[in-house]
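Throughout, protein chains are lettered first and strands after them, A, B, ... in sequence-line order, and every chain is numbered starting at 1.
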There are 2 protein chains.
Amino acid sequence: MPPAKRADARRNEQALLAAAATVFAESGVAAPVREVASRAGVGVATIYRHFPTRADLVVAVFRHQVEECVEAVPGLLADGPTPYDALVRWVDLFVDFLVTKHGLAEAMQGEDEAHATLHAYFVEQLVPACAALLDAAVTAGQVAPGVRALDLLRGIGNLSVGDGTFGYDARPMIDTLVAGLRA
Amino acid sequence: MPPAKRADARRNEQALLAAAATVFAESGVAAPVREVASRAGVGVATIYRHFPTRADLVVAVFRHQVEECVEAVPGLLADGPTPYDALVRWVDLFVDFLVTKHGLAEAMQGEDEAHATLHAYFVEQLVPACAALLDAAVTAGQVAPGVRALDLLRGIGNLSVGDGTFGYDARPMIDTLVAGLRA
DNA sequence: CACGATACGGAACACCGTTCCGTTTAGCAA
DNA sequence: TTGCTAAACGGAACGGTGTTCCGTATCGTG
């Protein structure tokens, strides 16, 4: 096992996470790296030392909320009158998360290598969660089979992009998409 | 009325349109400005002289195809067995257009000022076309009222983003969205 | 053919993510 | 306490964008 990190390194990592959370909330997830660095009172290199790529920083900032989404699934399936209701409520949860983090949906669907880590993390965590809900609804005969959780998740993410800009309202379209799943 | 443009200016404008069409097809709509300029054999400033912003260039390159989408509407409404069928086929047309122009959907939904012109042009041209189909389907009782053409159009554009990347397939989700419109 | 307005090309600027390198500092051992 | 070394740091530097500026070349006309 590698030696423990130095105290100042641990301190800076925490400062960076806090600063990134603030800056992301104020200026969006696409905020310049330099802004996060100066907010945390460190140099830019320190960011890259702790988070090899910008995606790793984003993942670290939002990890807790993603995990909440994943962990909400069993409860929803147990509480919801039907699996489809559980799916609908889970989608609401996910969309709330996406649209309140300005620019997160955009970052998730970036195609370049830099965003691949971010995309991979979201897929890894959320696809199984979404698949569980989808499978339950299909088994219950409420949703037509053949829809892949990956496509649904990505579709919801895509529909959330640009919510509120140019008069676009993502929610009705997401509701329509989910309605279209019905058997 | 302003004096006519010089011959070399007209020539360069055509060369730029041709070069941009080629480069956009090869490297996507987000290709560097310098690449278009060098392909056309002109300096970068010449691009900005003819097309004040990148969006103007993109609009100029795709204007014909957008117009084709708009002009297809009456024929589809006349031919289709039902208004809903016409809507489905029009969406197919639109999606074909979007996914074959790599990066166009991404560019359409950009939030910054630079893309505003591009977004405005698409909305201006396509919202009325989409609304005509939507209204006809609603009147025929095939589609539930209350869906705005703007939201539907933007939703389809968003769902088209990243088609084919990371295993995402946009078509099933667009089909699902359109299915969700049904009354 | 000469001249002025028009248009041009490429350097220059501002901003981005990322990397490099000389300097500082934490933690430990004497 | 002091000295040493590896870990960590900050900011300059690099490569890449979009956009603007300015001295130069060209077109079209009198």
May I ask whether A:Val88 and A:Leu126 are part of the same hydrophobic cluster, defined by side-chain heavy atoms of I, L, V, M, F, W, Y residues being less than 4.5 angstrom apart, directly or through others?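 Linked within one cluster.
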
Could you tell me whether the phosphate oxygens of D:dA8, OP1 or OP2, come under 4.0 Å of any side-chain nitrogen or oxygen in A:His50?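 Looking at the OP1 and OP2 atoms of D:dA8, neither is under 4.0 Å from any side-chain N or O of A:His50.
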
OP1 or OP2 of C:dC8 versus the side-chain N and O atoms of B:Asn12: is any pair under 4.0 Å?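 Yes, such a contact exists.
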
Short N-O contact, A:Arg6 and A:Asp8, less than 4.0 angstrom: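 The answer is yes: the pair qualifies as a salt bridge.
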
Distance in angstrom units between B:Phe51 CZ and D:dG18 P, rounded: 16 Å

Starting at CD1 of B:Ile47 and ending at C1' of D:dT19, how long is that distance when rounded to a whole Å? 11 Å

Look up atom CH2 in B:Trp90 and atom CG in B:Leu93, then write down how far apart they are to the nearest 0.5 Å.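 The CG atom of B:Leu93 is 8.5 Å from CH2 of B:Trp90, to the nearest 0.5 Å.
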
So, A:Thr53 and A:Asp56: side-chain donor and acceptor under 3.5 Å apart, yes or no? no

Readout for nucleotides 18-30 of chain C: B = base within 4.0 Å of protein heavy atom, S = sugar-phosphate only, - = neither; 5' to 3' it is BBB----BSS---

For the student: nearest non-hydrogen atoms of B:Ala20 and B:Leu57, plus distance: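 For B:Ala20 versus B:Leu57, the nearest heavy atoms are CB-CD1, 3.9 Å.
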
According to the interplanar angle, ranging from 0 to 90°, do the rings of B:Phe62 and B:Phe24 count as parallel (below 30°), tilted (30 to 60°) or perpendicular (above 60°)? parallel

Applying a 4.0 Å non-hydrogen cut-off, can you work out what A:Ala31 is touching in the nucleic acid: base, sugar-phosphate, or nothing?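 The answer is sugar-phosphate, as A:Ala31 gets under 4.0 Å only of primed atoms, P, OP1 or OP2.
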
